[in-house]
Amino acid sequence: MSDVLELVDVSVVRDGRALVEDVSWSVKEGERWAILGPNGAGKTTLLNVASSYLFPSSGTARILGDQLGKVDVFDLRPRIGMAGIAMAEKLPKRQTVLQTVLTAAYGMTATWHENYDAVDEDRARAFLDRLGMTEYLDRSFGTLSEGERKRTLIARAMMTDPELLLLDEPAAGLDLGGREDLVRRLGRLARDAYAPSMIMVTHHVEEIPPGFTHVLMIRQGKVLAAGPVEMELTSRNLSHCFGLPLVVERVGDRYTAQGLPLS
Ligand SMILES: Nc1ncnc2c1ncn2[C@@H]1O[C@H](COP(=O)(O)OP(=O)(O)OP(=O)(O)O)[C@@H](O)[C@H]1O
Ligand SMILES: [Mg+2]
């Protein structure tokens with residue numbers, strides 16, 4: 001299997017501080033990774049490197065076989081799907097849900113043309129349907145609830161048929177039903193052999209969809225653990241990562257974590 005992402009000794013330094021420090025990490029084709037870590041640990045920074053929007057200050061980053069700095073990022077970006085808060089803010093609020101997803105086919109955040117291909121429109125409808133958004137096609141993006149917006153962004157990220165799909169806290173802000181619905185849909189995607197390689201940032205082990213294969217834990221910019229979920233998602237690693245005693249349990253094909261009672 002080839003590497004979808006290969007970081008070697010990657011550091012990102014801003015104002016003399018390493019936001020991400022000496023990270024070596026590789027993601028192989030077909031793997032589905034969850035990134036866990038406290039606020040400010042460097043998770044979004046890592047995703048920004050993986051999406052080619054941020055270049056490492058030192059070390060090398062290869063994305064889909066091409067090294068950052070030696071490849072035209074405009075060739076690379078359509079091959080990567082990214083759904084996160086930063087993207088949501090760039091999208092025009094008045095565009096309909098269907099338009100919001102369709103514009104991704106042309107690598108744009110705005111500018112609605114009337115002459116999109118029928119093929120693209122069919123694809124956009126299919127992705128939205130897969131995420132349970134068929135009833136909202138004509139709603140303006142700005143009027144959507146948090147959960148509806150997240151699902152639209154994932155459909156949008158799928159539109160370019162990416163080889164790598166990056167999700168930054170897709171379940172944040174969702175109610176319990178919304179979270180469970182999204183986790184189930186992401187689980188279905190994770191188990192689809194034709195779906196892209198996936199990397200998802202989350203704060204909660206409860207949000208790791210079934211079918212996710214690997215976990216990376218990061219704290220203060222440094223990787224603490226990286227490997228198969230069943231090996232690395234341990235109470236010991238999670239406690240170390242979040243800096244408090246935690247117990248992780250597997251419940252069916254999902255996980256839960258809680259702090260130990262104070263004695
Ligand atoms: N451009 C920048 N200049 C200086 N510091 C930055 C910059 N971007 C991010 N940081 C800092 O880098 C650290 C890591 O940020 P990052 O957004 O990667 O964290 P995160 O793990 O995604 O956190 P959260 O869980 O809160 O989203 C934070 O302390 C943040 O304040
Ligand atoms: Mg973040």
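Counting starts at 1 for both ligands and their atoms, following the listed order.
Between W33 and W25, the two ring planes are perpendicular [angle over 60°; tilted spans 30° to 60°].
Below the 2.8 Å limit, the Mg ion (ligand 2) has as protein N, O or S neighbours T44 OG1.
Enclosure of atom NE2 in H203 by more than 12 non-hydrogen atoms of other residues, nucleotides or ligands within 6.0 angstrom is indicated. No more than 12 heavy-atom neighbours from other residues, nucleotides or ligands sit within 6.0 angstrom of CD on E135. For CD of E146, the number of neighbouring non-hydrogen atoms (other residues, nucleotides, ligands) closer than 6.0 Å is greater than 12. Annotation for R184: atom CZ counts as buried by contact number, over 12 foreign heavy atoms lying within 6.0 Å.
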Query raised in the report: Going through the distances and angles, do R156 and T103 end up as a side-chain hydrogen bond (donor to acceptor under 3.5 Å, both in side chains)?
Result: CA-CA 8 Å; R156 185 176 202 280; T103 52; 3.2 Å; yes
**Report entry** From CA spacing to verdict: side-chain hydrogen bond (donor to acceptor under 3.5 Å, both in side chains), D138, T96
**Finding:** CA-CA 5 Å; D138 298 322; T96 68; 5.2 Å; no
Query - Full working for side chain to side chain contact (heavy atoms under 4.5 Å, CB included) between T143 and Y136 - result: CA-CA 10 Å; T143 66; Y136 301 85; over 6 Å; no
Any protein N or O within less than 3.5 Å of an N or O in ligand 1? List each pair with its distance, or say none.
| unit_1 | atom_1 | unit_2 | atom_2 | d |
| --- | --- | --- | --- | --- |
| ligand 1 | 18 (O) | T44 | N | 3.4 |
| ligand 1 | 18 (O) | T45 | N | 2.9 |
| ligand 1 | 18 (O) | T45 | OG1 | 2.5 |
| ligand 1 | 19 (O) | G42 | N | 3.4 |
| ligand 1 | 21 (O) | A41 | N | 3.1 |
| ligand 1 | 21 (O) | G42 | N | 2.9 |
| ligand 1 | 21 (O) | K43 | N | 2.8 |
| ligand 1 | 21 (O) | K43 | NZ | 2.8 |
| ligand 1 | 22 (O) | T44 | N | 2.9 |
| ligand 1 | 22 (O) | T44 | OG1 | 2.8 |
| ligand 1 | 23 (O) | G40 | N | 2.8 |
| ligand 1 | 25 (O) | N39 | ND2 | 3.2 |
| ligand 1 | 25 (O) | K43 | NZ | 2.7 |
| ligand 1 | 25 (O) | H203 | NE2 | 2.7 |
| ligand 1 | 26 (O) | N39 | ND2 | 2.9 |
| ligand 1 | 27 (O) | E169 | OE2 | 3.4 |
| ligand 1 | 29 (O) | R17 | NH2 | 2.8 |

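Put simply, the residue from T202, T44, N48 that forms a side-chain hydrogen bond (donor to acceptor under 3.5 Å, both in side chains) with D168 is T44.
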